[in-house]
Amino acid sequence: ACKEAGYHTAVDTSGHYPSDRLTDIMPFTDLFLYDIKHPDPSLHEKYTGASNETVMKNLSLICGMGKEIMLRIPIVPDINDTDEHISDLIQIIESFGTGNIRMINLLPYHRIGSSKYLRFNRPNRMDGYKQPDESRMNELKRLFEKTNRKVKIGG
């Protein structure tokens, strides 16, 4: 209904779902806010509970359909900010060419939601991880800008 009424539409996604669901919503979606959490499939699984195979497959499908993508990369020190991981992420982005991925948002890890774990009596598996410092985020921004895309720190 939104699309029919002329509204710009967006889907915010981790990309981890069956591809047929993606193709179902594709005609109604102008922009995908798409997360890539880790380039390494086994480390992605270690930290998120699932491999990134489906995430990458769906990203490729969206690119192939010509849809606009705002790629979002949460940055967690010592998990996905090593030089090797950053290089791998940049290679992934460049492999999709220059067309669809219009912007990259680098999202610094934060602890804003930490109190919720206590309130809901849930374990905080991210407890103890630090926030990236500003100089590292600026360095990463410069590296990702080499992909010839707009890069922003934060969302």
What heavy-atom pair brings Pro27 and Asp24 nearest, and what distance separates the two atoms?
CD-O, 3.6 Å

Any chance you could measure Leu89, atom CG, to Leu143, atom CG, to the nearest 0.5 Å?
11.0 Å

Per the side chain to side chain contact (heavy atoms under 4.5 Å, CB included) rule, which among Ile93, Leu59, Ile104 passes with Ile69?
Leu59

To the nearest 0.5 Å, atom CD1 of Ile75 lies from atom CZ of Phe144 at 5.5 Å

With a 4.0 Å cut-off, would you call Asp83 and Arg136 a salt bridge?
yes

Under 3.5 Å, is there a donor-acceptor pair between the side chain of Ser87 and the main chain of Glu84?
no

Okay, side chain of Asn80, backbone of Lys37: is any donor-acceptor separation there less than 3.5 Å?
yes

Is the count of non-hydrogen atoms from other residues, nucleotides or ligands lying under 6.0 Å from Glu53 atom CD greater than 12?
no

Pairwise distance CG(Asp35) to CZ(Arg72) - rounded to 0.5 angstrom
4.5 Å

Closer than 3.5 angstrom, by distance alone: can the side chain of Asn58 be matched with the main-chain N or O of Tyr17 as a donor-acceptor pair?
yes

Looking only at heavy atoms, what is the nearest atom pair of Cys63 and Ile101, with distance?
SG-CG1, 4.5 Å

Following the transitive rule for hydrophobic clusters with a side-chain heavy-atom cut-off under 4.5 Å over Ile, Leu, Val, Met, Phe, Trp and Tyr, establish whether Ile73 and Met103 coincide in one cluster.
no

Path from Met26 to Met70 over hydrophobic side-chain contacts below 4.5 Å
no

In terms of side-chain geometry, is the basic nitrogen of Lys46 or Asp40 positioned less than 4.0 Å from the acidic oxygen of its partner?
no

Answer yes if Val11 and Leu31 sit in the same cluster of Ile, Leu, Val, Met, Phe, Trp and Tyr residues linked by side chain heavy atoms under 4.5 Å apart, and no otherwise.
no

Write down the atom of His16, the atom of Ser51, and the distance for their closest heavy-atom approach.
ND1-O, 4.2 Å

Does any part of the side chain of Ser14, heavy atoms only, come nearer than 4.5 Å to the side chain of Val55, both counted from C-beta?
no

Using a 3.5 Å distance criterion without hydrogens, assess whether the side chain of Thr9 forms a donor-acceptor pair with backbone atoms of Phe28.
yes

One thing to verify: whether Lys141 and Glu145 come together as a salt bridge, which I'm taking to mean a side-chain N less than 4.0 angstrom from a carboxylate O.
yes

Taking all heavy atoms of Leu107 and all of Gly154, pick out the closest pair and write down the distance.
CD2-C, 3.5 Å

Flag yes if more than 12 heavy atoms outside Lys3 fall under 6.0 Å of its NZ atom; otherwise flag no.
yes

Tyr109 and Lys130 have their tightest heavy-atom pair at CD2-O, 3.4 Å

Cluster question for you: counting only ILVMFWY and a side-chain heavy-atom cut-off of under 4.5 Å, with indirect links fine, are Ile36 and Leu33 together?
no

Parallel under 30°, tilted from 30 to 60°, perpendicular over 60°: which one fits the rings of His38 and His85?
perpendicular

Side chains of Phe32 and Ile25: does their closest heavy-atom pair fall under 4.5 Å?
yes

To the nearest 0.5 Å, what is the distance between CG (Asp81) and CD1 (Ile86)?
6.0 Å

When rounded to the nearest 0.5 angstrom, what distance separates OG in Ser60 from CD1 in Ile92?
11.5 Å

Between Tyr34 and Thr54 the two heavy atoms that sit nearest each other are OH-O, 4.4 Å

Taken to the nearest 0.5 Å, the spacing of Thr29 OG1 from Glu68 CD works out to 12.0 Å

